Amino acid sequence: MFKVIIADDEVIEIEYLHKMFRKHSEEFHVVGTASNGEEVLRIVEETNPDVIILDICMPGKDGLEVAEEVKRRFPDICVILNTAFAEFEFARKAIEYQVDAYLLKPASETFIIETIKKCLKKKKREEIEEREEELGNQNLDCVINYIERHYNESISLKELANIAHFSPTYLSRMFNQEMRCTLCNYVNKKRIDNAKRLLIKAERSIQEIAMECGFINISHFNRVFKNLVGKSPMEYKKESEK
């Protein structure tokens, strides 16, 4: 059941909406009514509603001011403006304050209920997408952390996909979107960054360094190093010794 606040300075409009919601009591429950903006904000804090049907012209804080504050403080609440004034400025402000819908009095019962359901459905979809994105980012962090710890080992796309609980194709696409590079390039950069450090500090052969950084052979190491650094490992080492 969804909790609703009705806000209007006209008693007849509040009664009309209240009666309408009683017909749909299996879905909606009116948790409060208000005739001015300050009352709306007080009831919102007390009841945490799902929907506010909000008149624009009210004493004190008008509907637009209330909509702005509600959306700033309680972005998950569906705010539906309900007014007899079909003027462009109101519509422009409604969009600016990110209200969820805009009704013109007198709106029919069918239209009001359909509008509310559309807003709630859209909000639910946004919440699901937000949770999926958050979960996806957490899983991506697991992949990045794994690469940080194991970049000097053999790493397969399938292995990383299992860690993230994604398909290999989805992981590749998501990683590219979030990190602005391919998984292969990311791993190679980690390996080459470590190789550069070892070339300067470690007294080891280039082949030993290549193996230690996770490359399967020296030719692959040389090719990747030159692509990323612009010079061969030997050239880099010699320049660093000067």
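On a predicted model such as this, the values are computed, not experimentally measured, just so you know.
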Cluster check Y151, L171: I/L/V/M/F/W/Y, side chain < 4.5 angstrom: yes

Distance in Å, Y16 OH paired with F21 CZ, rounded so as to fall on 0.5 Å steps: 10.0 Å

Under 3.5 Å, side-chain donor or acceptor atoms of residues 215-223 against the rest of the protein: list the pairs with distances, not counting sequence neighbours.
from, atom 1, to, atom 2, distance (Å)
N217, OD1, S219, N, 3.3
N217, OD1, S219, OG, 2.8
N217, OD1, H220, N, 2.7
N222, ND2, I218, O, 3.3

For the pair C213 and L198, evaluate side-chain contact (heavy atoms from CB on, under 4.5 Å) and give the outcome as yes or no after the intermediate values. CA-CA 9 Å; C213 292; L198 293 175; 3.9 Å; yes

Going by atom types alone, do E114 and T110 pair a side-chain donor with an acceptor below 3.5 Å? no

Main-chain N/O of D141 paired with N145 side-chain donor or acceptor, under 3.5 Å: yes

Looking at every non-hydrogen atom in both residues, tell me the closest pair between V31 and P49 and how far apart they are. CG2-CB, 4.5 Å

Is there side-chain contact between V79 and F74, with at least one heavy-atom pair below 4.5 Å? no

Looking at L81 and G63, what are the two nearest heavy atoms and their distance? CD2-O, 4.2 Å

Take N36 and D9, measure what side-chain contact (heavy atoms from CB on, under 4.5 Å) needs, and give me the verdict at the end. CA-CA 7 Å; N36 63 68; D9 64 343; over 6 Å; no

Looking at every non-hydrogen atom in both residues, tell me the closest pair between T33 and V30 and how far apart they are. CG2-CG1, 4.2 Å

Would you call F166 and L160 a side-chain contact if the rule is heavy atoms closer than 4.5 Å? no

Does the E39 side chain pair with the main chain of S35, one donor and one acceptor, at a distance under 3.5 Å? yes

Looking at K226 and E235, does any basic side-chain N land under 4.0 Å from a carboxylate oxygen? no

Hey, does D76 have a side-chain heavy atom less than 4.5 Å from the side chain of D50? no

Ignoring hydrogens and geometry, is there a side-chain-to-backbone donor-acceptor pair from D100 to I80 under 3.5 Å? no

Does S172 reach the side chain of L157, with side-chain heavy atoms less than 4.5 Å apart? yes

For the residue pair F28 and F2, categorise the inter-ring angle as parallel (less than 30°), tilted (30 to 60°) or perpendicular (more than 60°). tilted

With no hydrogens and no angle check, is any side-chain donor or acceptor of K190 less than 3.5 Å from a backbone partner on I147? no

Salt bridge check: are R197 and D193 linked by an N-O gap of less than 4.0 Å? no

Answer yes or no: is there a side-chain heavy-atom contact under 4.5 Å between Y146 and R149? yes

Output side-chain donor-acceptor pairs under 3.5 Å for residues 118-127, partner residues at least two apart or in another chain, one line each.
from, atom 1, to, atom 2, distance (Å)
K122, NZ, E126, OE2, 2.7
K123, NZ, P75, O, 3.2

How long is the gap from CD on E26 to CE on M1, to the nearest 0.5 Å? 7.5 Å

Would you check if V44 and V66 make a side-chain contact, meaning some heavy-atom pair closer than 4.5 Å? no

Hey, does the side chain of K237 reach the backbone of L199 with a donor-acceptor pair shorter than 3.5 angstrom? yes

Heavy atoms, side chains only, cut-off 4.5 Å: are E134 and Q138 in contact? yes

Rounded to the nearest 0.5 Å, how far apart are CZ of F225 and CE of M234? 11.0 Å

Search all heavy atoms of D62 against all heavy atoms of I56 and return the closest pair with its distance. CB-O, 3.2 Å

Hey, what do you get for CD1 (I5) to CD1 (I52), rounding to the nearest 0.5 Å? 5.0 Å

For V224 and R191, what are the C-alpha separation, side-chain angles and deciding distance, and is it a side-chain contact (heavy atoms from CB on, under 4.5 Å)? CA-CA 10 Å; V224 173; R191 289 171 171 169; over 6 Å; no

So does V99 get a backbone contact from the side chain of K71, meaning a donor-acceptor N/O pair under 3.5 Å? no

To the closest 0.5 Å, what do you measure between CD1 (I12) and CG (L17)? 11.0 Å

Walk me through whether Y102 and T83 qualify under side-chain contact (heavy atoms from CB on, under 4.5 Å). CA-CA 8 Å; Y102 187 86; T83 181; 3.6 Å; yes

Which atom pair, heavy atoms only, marks the closest approach of N139 to A164? ND2-O, 2.9 Å

Consider salt bridge (charged side-chain N to carboxylate O under 4.0 Å, His left out). Of E38, E45, E46, which one does R42 pass it with? E46

Going from CG on L64 to CG on L54, what distance comes out if it is rounded to the nearest 0.5 angstrom? 8.0 Å

Using every non-hydrogen atom in the two residues, find where A34 and I14 come nearest and quote the distance to one decimal. O-CD1, 3.8 Å

Do R131 and L135 have side-chain heavy atoms sitting under 4.5 Å apart? no

Would one find more than 12 heavy atoms of other residues, nucleotides or ligands at under 6.0 Å from atom CE of M179? yes

